[in-house]
> 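I have a structure here, written as structure tokens, and I will follow up with some questions on it.
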Amino acid sequence: MSGSDIGTDTTVPVEIIETVPRKRWTPAQKMSMVEESMKPGNSVSRIARQNGISPALLYKWRRLMLEGGSIAVEADEQVVSMSEVKALKKRIKELERSLGRKTLENDILKAAVELGRKKKLISPAPLSGIEGFE
């Protein structure tokens, strides 16, 4: 700043922008809008404007619905939601971790039995006939 700027009013107007929380649409509401947009005589822009959404979003929902339906028809199976897939993947990971722990416990017990037999602490008779303990 130079000496000549001192004392001059340099205020700049500031615009305050308020954020509006995003509207969440239920699957039923989305389906209703998509179905309405596909009826003869209706346009995507008009349906989007009526519901306060962008046409691009409505086109995205239409595409997702059509792709999901075509995939289900091709595979001759039901369409499963991503949330259900994520929940099932999480459950699989939990079961894999549990299986890993049990496998490790089993290996430790087998090693302990083997060590006990070598030191003559465990008789081989009670474990005969059990797989892995012959």
Side-chain angles (χ1 to χ4, degrees):
M1 286 177 84
S2 66
S4 62
D5 289 338
I6 298 175
T8 60
D9 187 18
T10 58
T11 59
V12 178
V14 176
E15 181 180 350
I16 299 174
I17 301 173
E18 294 183 36
T19 58
V20 179
R22 282 180 52 180
K23 169 82 169 120
R24 298 286 179 181
W25 300 96
T26 65
Q29 290 171 319
K30 291 176 184 179
M31 285 294 298
S32 174
M33 285 184 251
V34 167
E35 288 170 357
E36 188 70 24
S37 73
M38 291 183 167
K39 288 181 181 174
N42 285 341
S43 72
V44 170
S45 296
R46 186 167 60 84
I47 302 303
R49 197 171 33 255
Q50 287 174 348
N51 291 286
I53 62 172
S54 75
L57 182 59
L58 187 51
Y59 275 117
K60 177 183 174 185
W61 291 345
R62 284 175 54 144
R63 180 180 46 82
L64 290 172
M65 188 180 94
L66 292 172
E67 285 176 1
S70 66
I71 290 169
V73 169
E74 285 175 21
D76 197 25
E77 295 178 352
Q78 280 186 303
V79 177
V80 180
S81 69
M82 283 303 293
S83 59
E84 189 175 349
V85 170
K86 287 179 184 177
L88 291 171
K89 284 183 178 182
K90 182 180 177 185
R91 180 72 177 134
I92 288 169
K93 281 185 180 180
E94 290 170 1
L95 291 170
E96 286 174 340
R97 276 194 289 269
S98 179
L99 176 62
R101 283 192 300 271
K102 293 300 176 189
T103 302
L104 182 61
E105 289 173 11
N106 193 22
D107 290 345
I108 291 170
L109 289 172
K110 281 183 179 179
V113 167
E114 204 173 292
L115 185 64
R117 279 186 175 163
K118 285 180 184 174
K119 293 188 176 190
K120 305 283 187 208
L121 299 174
I122 298 175
S123 169
L127 298 175
S128 61
I130 297 176
E131 186 181 322
F133 290 106
E134 283 80 26

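Scope of the values below: all heavy atoms of this structure, side chains included, with no hydrogens, waters or symmetry mates.
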> Using the side-chain hydrogen bond (donor to acceptor under 3.5 Å, both in side chains) criterion, which residues pair with Ser83? Sequence neighbours excluded.
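In terms of side-chain hydrogen bond (donor to acceptor under 3.5 Å, both in side chains), with neighbours along the sequence ignored, Ser83 is linked to Ser81.
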> Does some side-chain heavy atom of Met31 sit less than 4.5 Å from a side-chain heavy atom of Trp61?
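Sidechains of Met31 and Trp61: no contact.
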> Where do Lys90 and Glu94 land on the side-chain contact (heavy atoms from CB on, under 4.5 Å) test, with the steps shown first?
CA-CA 6 Å; Lys90 182 180 177 185; Glu94 290 170 1; 3.6 Å; yes
> Can you pull the salt bridge (Lys or Arg N to Asp or Glu O under 4.0 Å) pairs that have at least one residue in residues 50-63, sequence neighbours excluded?
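Pairs touching residues 50-63 that pass the test: Arg63-Glu67.
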> Side chains of Lys86 and Arg91: does their closest heavy-atom pair fall under 4.5 Å?
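Lys86 does not reach Arg91 side chain to side chain.
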> Quick one: pull up OH in Tyr59 and OG in Ser37 and give me the separation to the nearest 0.5 Å.
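The distance works out to 8.0 Å.
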> Is any NZ, NE, NH1 or NH2 atom of the basic residue among Lys93 and Glu96 found under 4.0 Å from an Asp or Glu carboxylate oxygen of the other?
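Salt bridge flag = no for Glu96 with Lys93.
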> Scan the side chains in residues 42-53 for donor-acceptor partners under 3.5 Å anywhere in the protein, sequence neighbours excluded, and list what turns up.
residue : atom : partner : partner atom : Å
Asn42   : OD1  : Arg46   : NH2          : 2.2
Asn42   : ND2  : Glu36   : O            : 2.8
Asn42   : ND2  : Glu36   : OE2          : 3.1
Ser43   : OG   : Arg46   : N            : 3.1
Asn51   : ND2  : Ile47   : O            : 2.8

> Check Trp25 against Met33 and note the closest heavy-atom contact, atom names and distance.
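What the structure gives for the nearest pair is CE3-CE, 3.2 Å.
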> Run the numbers on Met65 and Met38 for side-chain contact (heavy atoms from CB on, under 4.5 Å), then give the verdict.
CA-CA 12 Å; Met65 188 180 94; Met38 291 183 167; 4.0 Å; yes
> Apart from Ile92 itself, what residues make up its hydrophobic cluster, given side-chain heavy atom links below 4.5 Å?
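So far as hydrophobic clustering goes, Ile92 is joined with none.
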> Run Leu95 and Leu99 through side-chain contact (heavy atoms from CB on, under 4.5 Å) and show every step you take.
CA-CA 6 Å; Leu95 291 170; Leu99 176 62; over 6 Å; no
> Name all residues meeting the side-chain hydrogen bond (donor to acceptor under 3.5 Å, both in side chains) criterion together with Asp107; count only those two or more places apart in sequence or in a different chain, and write none if there are none.
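For Asp107 there are no side-chain hydrogen bond (donor to acceptor under 3.5 Å, both in side chains) partners, ignoring immediate neighbours.
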> For Thr26, check side-chain hydrogen bond (donor to acceptor under 3.5 Å, both in side chains) against everything at least two apart and list the hits.
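With neighbours one apart ignored, the set is Gln29.
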